[in-house]
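Remarks on the structure that follows.
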Amino acid sequence: MSYILPPFRHPDLPTNELGFARKDYEGALSTLCAGCGHDSISSAIIQACYEMNIEPHRLAKLSGIGCSSKTPAYFLGNSHGFNSVHGRMPSVATGANLANRQLLYLGVSGDGDSASIGIGQFVHAIRRNLNIVYIVMNNGCYGLTKGQDSATADAGSVSKKGHANPFTAINMTALAIEMGANFVARSFSGDKHQLIPLIKAAMNHPGFALIDVVSPCVTFNNNVGSTKSYDFVREHKEATSEFDFVPEHDEITADYAEGSSLDVAMHDGSIIHLSKVAKGWDPRNRFSALSALNNAEQRGEILTGLLFVHPEGRDLHSVFHTVEAPLNSLQEKDLCPGKGVLAQINDSFR
Amino acid sequence: MFVKLNKVNAVKPTNIKDPEYFHKVVDCQYACPAHTPVPEYIRLIAAGMYTEAYMINWESNVFPGILGRTCDRPCEPACRRGRVEEEPVAICRLKRVAADHKGEVRSLMPTIPKHKNGRKIALIGGGPAALTVARDLAPLGYTVDLYDDQKAGGGMMRSQIPAFRLPEAVLDEEVNYILDMGIHTHFNTYVSSLKSVLNKNYDAVFVGTGAPRGRDLPKLPGRWEDKAHVHIGIEFLASVAFEHTHKIGKKVLVLGGGNTAMDCCRTARRLGGESVKVVVRSPFETMKASPWEIQDAKREDIPILNNMPPKEFIVENGKLKGVIFEHVDAVYDEKGRRNLVPTGETTFLEADDVIIAIGQDNAFPWIERDLGIEFGDWDMPVVDRQSFQSTNPKVFFGGDAAFGPENVITAVAHGHQAAISIDLFLQGKHVKNERPSPMTNLVSQKMGIHEWRYDNDVVKDLRYAVPHAAKELTLQNRKVEVELGFDERLGFKEAQRCLNCDVQTVFNTSRCIECDACADICPTSCITFTENGEEEDLRHRLNAPSTDLSQDLYVSDVLPTKRVMIKDEDVCLHCGLCAERCPTAAWDMQQFLYNTAKAGL
Ligand SMILES: Cc1cc2nc3c(=O)[nH]c(=O)nc-3n(C[C@H](O)[C@H](O)[C@H](O)COP(=O)(O)OP(=O)(O)OC[C@H]3O[C@@H](n4cnc5c(N)ncnc54)[C@H](O)[C@@H]3O)c2cc1C
Ligand SMILES: Cc1ncc(C[n+]2csc(CCOP(=O)(O)OP(=O)(O)O)c2C)c(N)n1
Ligand code: SF4
Ligand code: SF4
Ligand code: SF4
Ligand SMILES: [Mg+2]
């Protein structure tokens with residue numbers, strides 16, 4: 001942990017379309033352990049928001065408890081934030097989301113926060129298709145409480161103390177696909193090349209978008225025998241495809257190899273461009289995604305990249321027919337439309 | 001985004017064992033002709049260790065008190081702070097802080113052997129170049145004779161640099177540290193024949209006679225009609241310095257845009273000049289004078305007029321009345337060459353005295369042309385740029401005499417190199433192939449997880465101004481020094497602006513687990529992990545624009561993911577955060593000391 005951060009930035013760094021520099025998306029100095037994967041994810045979030053020209057005040061960060069859930073303090077210092085209770089971030093996010101559907105919601109959680117204490121909240125948020133980008137910083141342990149195995153620790157994975165985990169792991173991505181999530185991806189904190197475009201695409205997806213990011217805990221789970229260490233993940237990760245997110249107004253300039261590529265159009269005209277697509281995998285097909293995950297698991301590999309995407313789908317607001325305007329902006333005349341309207345409603349029940 | 005790997009042209013891993021690699025990262029030291037270890041002495045100033053700071057300077061640049069007031073400061077435009085903030089560290093004026101506040105230093109200077117080594121050397125000229133040769137060779141046991149036509153040592157530091165910039169006491173102190181090393185001085189002695197000196201059986205001769213001839217405008221109409229009121233800049237300054245001239249007319253015109261012109265106009269203001277103007281033939285932007293000297297002149301109510309070449313001196317009844325100037329526009333052709341095109345207008349400016357300060361030339365009328373010393377273009381001796389030896393192996397040149405007018409610190413650097421050559425030559429060694437290597441040292445600064453032996457907390461902090469004495473005072477007396485220097489408090493604050501560029505980021509490839517922590521934390525986005533490639537291509541793939549090609553890329557060996565670590569040295573703050581954030585100590589902050597070789601070491 002460092003105490004200082006010099007105020008200087010590279011003098012020639014560009015600004016984005018809003019005139020903001022990357023610095024405007026930074027947060028406080030991280031207090032996590034040096035080398036923690038979570039810090040890299042924070043940096044990827046900063047970069048993605050900068051590149052997506054997000055207005056900082058249009059975004060709300062929500063988190064639970066854990067080293068991972070502390071990270072919202074370390075990015076997007078000019079955005080809204082709510083650091084909630086262990087495992088309860090989805091409820092708070094749901095409330096916030098219903099009160100104001102104009103903001104972009106970014107949920108940040110850990111494997112303990114979402115797969116143990118908060119798993120009930122997690123699955124219901126998916127089931128309801130809450131409009132949120134949900135990032136799980138997955139290190140296979142409870143980092144904040146000194147590294148106990150979490151529910152995503154693989155069976156047989158050895159912790160720093162030397163014990164092999166006796167229980168089977170919960171696969172957050174497979175669970176999300178089962179529960180009906182329409183955007184499910186997995187990535188690695190050490191691969192920003194893949195992670196940044198995934199975050200950008202997720203921010204563009206209406207409805208629940210999960211990114212499960214394997215994020216090594218350097219202090220408690222980066223030892224030999226752990227399946228969430230930097231070395232192990234690097235050796236065993238496999239990608240469904242090369243992934244690129246092309247916002248609506250950008251031209252596709254990259255030169256992709258023919259034959260193995262695939263474009264998925266998003267609701268607003270943006271495109272997810274996939275190349276070097278793995279054989280037998282179709283990102284638009286739930287079962288194909290599940291079987292790709294399964295097959296990789298059989299081979300002992302960690303499948304990364306976009307796993308499943310269904311660009312349409314009704315999010316919670318369209319189910320509830322919620323009002324577009326934030327609740328706090330509604331005036332008395334909106335909320336109490338008068339006797340005539342009341343009479344109409346009563347009549348409809350007669 | 002998808003990079004073609006071309007292993008053949010990939011940049012080779014940086015060889016940090018090459019002393020010049022890290023030396024170049026210490027921008028100020030690298031830019032200093034004498035390679036003074038700047039950050040080292042600045043830290044000592046911050047610690048209040050002025051004597052130690054002074055001695056580090058004295059070793060490298062011989063005249064810390066003098067240079068701390070007058071140096072041309074090539075280090076400052078190179079200073080890293082100037083790349084992240086508006087202005088560089090006031091390196092030069094910090095040197096003066098060390099000199100002003102130091103304690104006793106004589107006992108720290110080398111002792112001079114009683115038993116000489118039997119070799120005799122003649123120095124012709126007593127300026128900074130020759131004095132440096134004396135300083136380096138006397139401690140080795142050489143017998144040194146110094147000849148100079150002035151009444152005391154120092155060369156142009158005495159005759160040209162005005163006392164309001166450099167008090168005589170400061171000059172005397174530092175010149176005497178050297179002369180007191182048992183140098184046999186022959187002042188008031190003009191050498192009119194090199195042959196006669198060589199005939200005295202010296203083992204080697206060093207020529208440090210400077211560039212003593214001031215340029216004139218001999219063909220300008222009216223130039224010779226009132227000679228008493230038309231002066232050559234350097235002759236005027238010398239005449240003032242040696243107390244021959246005490247007065248000047250009320251209206252003075254100074255022709256020229258270099259530092260000599262600035263010294264002339266400011267001197268004229270102190271000798272009775274009430275309306276003193278500087279007139280430059282070309283545009284302001286191309287004036288040779290240092291920006292701070294121009295500023296100091298303007299502060300003394302001296303206007304500078306530009307784009308006005310002189311046309312004619314107007315003299316009536318043998319009495320100078322003024323000068324007619326043309327007006328020109330600077331026009332640049334396709335090749336970027338400048339032409340001064342007359343606009344047709346002219347202006348007459350009144351003057352009681354005119355000072356011509358348009359440059360100096362070398363002149364060697366006293367060197368016979370049959371001594372084996374070859375003369376080349378512009379009638380300059382042919383001198384080797386590394387060894388400073390002439391084509392007569394016994395005769396060495398340095399300072400302004402070697403390659404034309406420069407400045408004090410360059411003369412000092414030449415003196416050091418010439419001293420090495422003379423020492424090698426007299427030991428029968430090769431003056432080029434057997435030159436000694438620099439002394440270097442690399443020491444980890446780590447004291448704890450986030451504690452370092454240096455102050456790595458970099459903050460925004462604008463340059464502090466050096467206080468000046470009141471103008472009413474300084475314009476009354478040419479010997480009153482204008483700059484008061486930083487006091488200890490200001491000196492400390494300015495010292496804290498130094499970024500400690502000598503504390504190097506040292507990368508150990510085999511330790512890196514590629515967690516990205518260093519690249520993520522680096523405030524100035526210096527670090528990138530990417531596939532190797534050709535340098536030009538690489539510079540386009542870094543996390544931040546990499547446009548200054550003079551700044552090196554530090555490239556690691558290949559990492560397990562087949563990528564390399566690339567650090568652009570350009571705007572690294574030496575804050576150590578990369579090393580603090582690295583979980584495996586693959587980065588370490590290590591202080592790099594680089595001392596240029598000295599004669600006899
Ligand atoms: C007006 C002016 C202001 C300057 N201000 C600065 C400044 O602020 N900072 C800076 O860094 N530089 C300054 N310079 C430049 C600096 O003074 C010179 O570059 C430097 O002094 C050169 O040193 P040197 O040892 O080569 O010779 P010099 O200092 O020129 O010394 C040569 C000596 O040799 C003597 N000599 C010459 N011929 C003979 C002979 N035949 N026999 C005996 N003696 C002889 C000369 O009289 C002189 O004493 C200034 C120059 C001028 C003209
Ligand atoms: C209700 C409640 N139960 C238990 C805890 C103790 N606790 C704090 S963080 C944590 C686990 C965090 O694990 P994870 O979400 O994976 O975060 P990490 O630190 O690994 O990033 C636990 C159990 C708590 N803070 N609150
Ligand atoms: S304990 Fe683990 S998860 Fe928490 S900051 Fe340290 S490395 Fe990161
Ligand atoms: S010392 Fe390290 S972290 Fe600091 S600016 Fe330099 S490279 Fe970046
Ligand atoms: S912080 Fe250390 S281990 Fe991590 S990438 Fe940088 S040098 Fe490598
Ligand atoms: Mg965890």
Side-chain angles (χ1 to χ4, degrees), chain A residues 1-14 22-23 26 29-30 32-44 46-47 74-75 188-197 215-219 222 229-231 233-235 237 242-244 253-257 273 275-276, chain B residues 1-4 80-85 449-452 455-461 499 512-526 529-531 542-548 559-561 563 568 570-587:
Chain A
M1 167 185 164
S2 316
Y3 297 127
I4 57 150
L5 180 66
F8 296 106
R9 296 296 173 273
H10 196 289
D12 302 331
L13 282 184
R22 192 179 184 279
K23 187 180 187 194
E26 291 175 5
L29 193 59
S30 170
L32 301 185
C33 304
C36 177
H38 300 354
D39 280 335
S40 287
I41 304 172
S42 298
S43 165
I46 291 170
Q47 188 66 26
Y74 315 138
F75 55 78
F188 170 46
S189 66
D191 187 359
K192 289 206 188 67
H193 181 69
Q194 181 190 59
L195 180 55
I196 293 169
S215 174
C217 170
V218 276
T219 303
N222 194 36
S229 69
Y230 280 105
D231 285 349
V233 179
R234 282 226 168 79
E235 271 162 38
K237 96 184 146 76
E242 288 269 2
F243 182 92
D244 210 0
T253 50
D255 193 9
Y256 299 103
H273 188 94
S275 58
K276 299 191 195 155
Chain B
M1 211 177 249
F2 302 105
V3 185
K4 286 214 184 72
R80 185 174 297 264
R81 169 80 60 175
R83 296 203 289 276
V84 292
E85 214 175 64
I449 293 174
H450 36 71
E451 273 128 349
W452 302 97
D455 186 356
N456 64 326
D457 191 358
V458 180
V459 295
K460 289 202 172 159
D461 198 2
L499 296 173
C512 174
I513 58 170
E514 299 179 68
C515 69
D516 268 4
C518 53
D520 289 338
I521 195 68
C522 176
T524 42
S525 315
C526 303
F529 288 85
T530 185
E531 289 78 14
L542 303 185
N543 285 337
S546 176
T547 47
D548 187 348
L559 288 155
T561 61
R563 300 180 301 171
D568 186 350
D570 187 11
V571 289
C572 170
L573 304 166
H574 297 260
C575 64
L577 280 189
C578 47
E580 286 187 22
R581 279 307 166 103
C582 180
T584 63
W587 286 107

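On a predicted model such as this, the values are computed, not experimentally measured, just so you know.
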Interchain contact, [X] with chain B, by part (heavy-atom threshold 4.5 Å):
X	value
A/P7	both
A/D231	neither
A/F8	both

Query raised in the report: Once you round to the nearest 0.5 Å, how far does CG of B/D570 lie from CG of A/D12?
Result: 7.5 Å
Query raised in the report: What is the distance from atom CD of B/E580 to atom CD1 of A/I4, rounded to the nearest 0.5 Å?
Result: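 Separation between the atoms: 6.0 Å.
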Requested in this report: Indicate yes or no for a side-chain donor-acceptor contact from B/S525 to the backbone of A/R9 under 3.5 Å, with no hydrogens or angles considered.
Outcome: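 Between the backbone of A/R9 and the side chain of B/S525 there is no qualifying donor-acceptor contact (under 3.5 Å).
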Query raised in the report: Donor-acceptor pair, A/R234 side chain versus B/E514 backbone, under 3.5 Å?
Result: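 The answer is yes, because a donor-acceptor pair under 3.5 Å joins these two groups.
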If you compare all heavy atoms of [X] against all heavy atoms of [Y], which two are closest, and at what distance to 0.1 Å?
X	Y	value
B/C515	A/G35	SG-CA, 3.8 Å
B/C575	A/P6	CB-CG, 3.7 Å
B/A544	A/H10	CB-CD2, 3.4 Å

Query raised in the report: Do you know which of A/G190, A/S40, A/P11, A/S42 has the most heavy-atom pairs under 4.5 Å to chain B?
Result: A/S40
Query raised in the report: Among B/I521, B/T561, B/D516, which has the most heavy-atom pairs under 4.5 Å with chain A?
Result: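 Winner by heavy-atom pair count: B/D516.
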If I measure from the heavy atoms of chain A, does [X] come under 4.5 Å with its side chain, its backbone, both, or neither?
X	result
B/L573	side chain
B/T547	side chain
B/N456	both
B/V571	side chain

